[in-house]
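Letters A, B, ... mirror the listed sequences (proteins, then strands); counts begin at 1. Only this structure's heavy atoms are used, side chains among them; waters, hydrogens and symmetry mates stay out.
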Amino acid sequence: MDNIENKTPVQPDLSELQAQCDSLQSLLVSILVLVIVISGTFNLYLLRQVKYTRTDLAGIRPQATQIINNYNKTGGPLMADFVKRITEYGRTHADFAPIMAKYNLKPGASASATPTAPSTASAPAPAAKK
Amino acid sequence: MKKNPLTAILVAVLVVSALASVVLCWAYISNTRQLRQLTTQVNAVQANERFVSALAGDALEYSKKNPAIEPILEAAGVRPLKTASASASKPATK
């Protein structure tokens with residue numbers, strides 16, 4: 001056992017080590033260049049995506065802001081009031097119950113409750129005020 | 001140990017490229033998030049409008065059988081006011 005551990009490996013000569021070092025150096029440079037090329041391609045892709053999304057955002061933002069502001073200022077309260085009145089009406093008129101059920105309006109719901117979508121269609125919750 | 005200037009330059013370029021990737025990723029995510037938020041809000045508004053519009057349509061249909069709901073529809077502007085239509089039609093009858 002001791003014999004095996006004490007056995008010294010054959011030392012490569014200096015020129016061979018230098019060659020290996022040069023080889024590693026060139027390999028490192030090649031890998032760095034490759035990674036830079038991949039990274040640059042990815043950056044180009046991201047740059048284009050950022051450009052496209054920025055253009056989309058610039059096109060959508062004014063209209064969306066206007067729609068949301070109009071809804072928050074006028075449309076939303078009017079609709080909520082209408083739904084509230086309808087709900088109150090449905091509480092006192094039993095023949096209105098099918099419509100109430102269709103639109104998932106509950107007579108016991110609070111006045112400030114926002115309307116939910118009809119049971120036949122799925123819709124997201126109303127927009128939150130910005 | 002001898003330093004290779006080319007390696008140092010390449011590493012520097014790689015670091016700059018990685019930083020650029022981070023910045024661009026952040027910009028892309030931020031833009032996409034804003035876009036999604038706006039789209040979601042607009043969709044929600046439109047869904048609510050469709051919901052109320054459909055409800056108003058059904059209520060209008062219901063008002064043909066039960067006119068007690070008419071004041072609500074008139075107040076919401078779903079149905080034209082009776083007084084307005086009456087006053088408009090009165091001079092014509094005279």
Just so I know, are the side chains of [X] and [Y] near enough to count as touching, which here means a heavy-atom distance under 4.5 Å?
X: A/Ile36; Y: B/Ser17; answer: no
X: A/Phe42; Y: B/Leu24; answer: no
X: B/Asn66; Y: A/Tyr89; answer: yes
X: B/Val42; Y: A/Ile60; answer: no
X: A/Asn72; Y: B/Val45; answer: no

### Task
Among the options A/Val29, A/Asn70, A/Leu28, pick out the one with the most heavy-atom pairs lying under 4.5 Å from chain B.
A/Val29
### Query
chain B: which of A/Val33, A/Leu47, A/Asn43, A/Leu32 shares the most heavy-atom pairs with it under 4.5 Å?
A/Asn43
Supply the atom-to-atom distance [X] [atom1] to [Y] [atom2], rounded to the nearest 0.5 angstrom.
X: A/Asp56; Y: B/Asn31; atom1: CG; atom2: CG; value: 9.5 Å
X: A/Thr87; Y: B/Ile72; atom1: OG1; atom2: CD1; value: 9.0 Å
X: B/Asp58; Y: A/Met100; atom1: CG; atom2: CE; value: 13.0 Å
X: A/Gln49; Y: B/Ile29; atom1: CD; atom2: CD1; value: 12.0 Å
X: A/Ile86; Y: B/Ile69; atom1: CD1; atom2: CD1; value: 4.0 Å
X: A/Tyr71; Y: B/Gln41; atom1: OH; atom2: CD; value: 11.0 Å

Residue part contacting chain B, namely of [X], when any heavy atom lies under 4.5 Å:
X: A/Asp81; answer: neither
X: A/Phe96; answer: both
X: A/Leu78; answer: neither

### Message
Looking at every heavy atom in both A/Ser39 and B/Ala18, which two are closest together, and how far apart are they?
### Response
OG-N, 4.3 Å
### Closest heavy-atom pair and its distance - B/Tyr28, A/Thr53
CE1-CG2, 3.7 Å
Do [X] and [Y] sit in one hydrophobic cluster, given that two such residues count as connected whenever their side-chain heavy atoms are within less than 4.5 Å of each other, even indirectly?
X: A/Leu57; Y: A/Ile67; answer: yes
X: A/Leu27; Y: B/Ile9; answer: yes
X: B/Leu60; Y: A/Tyr103; answer: yes
X: B/Val16; Y: B/Leu10; answer: no
X: A/Val50; Y: A/Tyr52; answer: no

### Choice from B/Ala68, B/Pro71, B/Ala76 maximising heavy atom contacts with chain A below 4.5 Å
B/Ala68
### Query
Among B/Val13, B/Thr39, B/Leu14, which residue forms the greatest number of heavy-atom pairs with chain A at distances under 4.5 Å?
B/Leu14
Tell me, for [X] versus chain A, whether the close heavy atoms (under 4.5 Å) come from the side chain, the backbone, both or neither.
X: B/Glu61; answer: neither
X: B/Val23; answer: neither
X: B/Leu6; answer: side chain

